[in-house]
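Here's the structure we're looking at; comments come further down.
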Number of protein chains: 2
Amino acid sequence: MSSGQFTSLILDAFLPYRLSIVSNKIRHALSNTYSKKFDLTPVEWRVLAVLGQKEEMSADEICRFTETDKVAISRAVSKLVRKKRISRKRSSSDRRRSILRLTKYGLSIYESIVPLVLQLEDNLVAGLSAGERRQFLELLGKIDRQVSSLKISPEF
Amino acid sequence: MSSGQFTSLILDAFLPYRLSIVSNKIRHALSNTYSKKFDLTPVEWRVLAVLGQKEEMSADEICRFTETDKVAISRAVSKLVRKKRISRKRSSSDRRRSILRLTKYGLSIYESIVPLVLQLEDNLVAGLSAGERRQFLELLGKIDRQVSSLKISPEF
DNA sequence: TGCAATTAGTTTCATATGAAACTAATATGG
DNA sequence: CCATATTAGTTTCATATGAAACTAATTGCA
């Protein structure tokens with residue numbers, strides 16, 4: 001039966017698919033550098049990474065900074081506290097809010113992982129010139145803003 | 001304490017992180033277009049998408065084509081068969097292998113979703129010129145090949 | 001020819017994740 | 001001042017996912 005009117009989806013040219021594939025590969029590669037060695041899940045690493053960059057943050061701030069679901073952050077924070085990698089203190093100005101910081105132990109884990117993930121990143125972009133790297137991040141930023149503006153108008 | 005010797009990780013400039021954020025946003029946006037409406041998970045959609053593009057494939061071929069874990073594909077295939085969206089027939093030349101195809105029902109679901117996801121893709125790249133789109137996919141392809149070559153050398 | 005290695009796909013078990021609902025605290029407006 | 005709405009974070013329940021082990025069939029080599 002002729003389907004001349006129907007446009008089949010060519011996955012290799014479908015941007016969301018391509019992005020997903022590459023992102024998954026990188027996530028696995030990243031996970032391989034720290035997951036077993038440091039007993040960390042990707043979201044836990046993300047929390048450590050944020051707290052390594054900023055001195056202290058609340059869970060809600062981490063959610064907004066990393067655009068990650070609050071339940072996932074909550075669970076990761078609880079595990080990191082239990083593993084004594086971060087500390088949690090109630091904010092005196094808003095007792096709903098907690099103040100999170102890396103412990104010395106957490107900081108040492110963070111400082112051990114950073115060179116590894118930076119090395120991985122270097123390997124990833126080894127085939128790109130410096131100009132191409134900048135270009136890629138710029139285009140990615142444009143797509144990021146587009147998808148964010150889509151989310152602002154929920155369809156329900 | 002001076003930490004002049006240590007390079008903190010700046011997440012906004014960290015490519016894997018940026019890719020992950022954008023990819024997650026897109027995955028959610030995509031999922032919103034078909035997940036509830038068509039009762040599909042992302043992996044199930046991926047299987048439909050591949051079978052919509054190719055007439056028939058084995059599970060193993062879908063795994064390799066989409067670079068997706070065989071357990072995930074196996075589970076998605078079983079659910080799609082149960083939902084009568086694809087059919088599964090044993091290969092006569094290799095009885096380990098199954099031949100998967102879209103059913104009429106599955107094809108109609110596929111044909112309903114494709115315009116939606118193509119529209120979403122159009123919206124995603126609305127801020128890019130045609131040249132920038134090509135450039136982005138080319139650079140993404142380079143990164144893809146780099147990360148694939150990393151995986152070829154497992155570290156254990 | 002026969003057996004070990006490999007392949008195609010499935011299942012088990014433990015953990016992660018998503019959606020929704022929850023608690024406690026604060027903000028806002030009448 | 002008080003009731004309602006909102007915010008920060010947690011918990012529950014169901015489903016998804018990851019890792020490992022499994023079964024059945026095929027391939028390759030001695």
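To find a chain, count down the sequence lines: A is the first, B the second, and so on, and within it residues start at 1.
Judged as a side chain to side chain contact (heavy atoms under 4.5 Å, CB included), and not counting sequence neighbours, the contacts of B:E138 are B:Q135, B:K142.
Atom CG in A:L40 sits about 15 Å away from atom C1' in C:dT15, given to the nearest Å. Straight-line distance from the CZ atom of B:R82 to the P atom of D:dT15: 12 Å, rounded to whole Å. Taking atom CG of residue B:D60 and atom C1' of nucleotide D:dT27, one finds them 15 Å apart after rounding to whole Å. D:dA24 atom P lies 12 Å from atom CZ of B:R90, rounded to whole Å. Going from atom CG of B:D94 over to atom C1' of C:dG9 covers 11 Å, rounded to whole Å. Summarising the geometry, the separation between CZ on B:R75 and P on C:dT11 is reported as 10 Å, rounded to the nearest angstrom. Atom CZ in B:R64 sits roughly 17 Å away from atom P in C:dT6 (whole-Å rounding). Note: CD1 (A:I86) to C1' (D:dG9) measures 13 Å, nearest angstrom.
Between B:I73 and A:E44, the residue anchored nearer the 5' end of DNA chain C, judged by the nucleotide with its closest heavy atom, is B:I73. The nearest heavy atom of DNA chain D to A:R27 and to A:S74 marks one nucleotide each, and the one closer to the 5' end goes with A:S74. Projected onto DNA chain C by closest heavy-atom contact, A:A72 and A:R95 fall at different nucleotides, the more 5' of which corresponds to A:A72.
Taking 3.5 Å as the limit, the base of C:dA25 and the side chain of A:R96 contain a donor-acceptor pair of atoms between them.
Taking only side-chain nitrogens and oxygens, A:S98 never comes nearer than 4.0 Å to OP1 or OP2 of D:dA8. Checking the phosphate oxygens (OP1, OP2) of D:dA8, a side-chain nitrogen or oxygen of A:R97 falls inside 4.0 Å. Residue B:K79 places at least one side-chain N or O closer than 4.0 Å to OP1 or OP2 of D:dA16. Not one side-chain nitrogen or oxygen of A:K70 sits closer than 4.0 Å to the OP1 or OP2 atom of D:dT7.
Contact annotation for A:V71: base contact, defined as any heavy-atom pair under 4.0 Å involving a base atom. The residue B:R88 sits close only to the backbone: its heavy atoms come under 4.0 Å of sugar-phosphate atoms, none of a base.
Relative ring orientation between A:F136 and B:F136 is described as parallel, the plane-to-plane angle staying below 30° on a 0-90° scale split at 30° and 60°.
The CG atom of A:L80 sits 4.5 Å away from the CD atom of A:E44 when rounded to the nearest 0.5 Å. Interatomic distance, NZ of A:K54 versus CZ of A:R101, reported as 14.5 Å (0.5 Å rounding).
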Before giving the answer on side-chain contact (heavy atoms from CB on, under 4.5 Å), spell out for A:L102 and A:R85 the whole-Å C-alpha distance, their side-chain angles and the decisive distance to 0.1 Å.
CA-CA 6 Å; A:L102 291 181; A:R85 296 175 174 183; over 6 Å; no

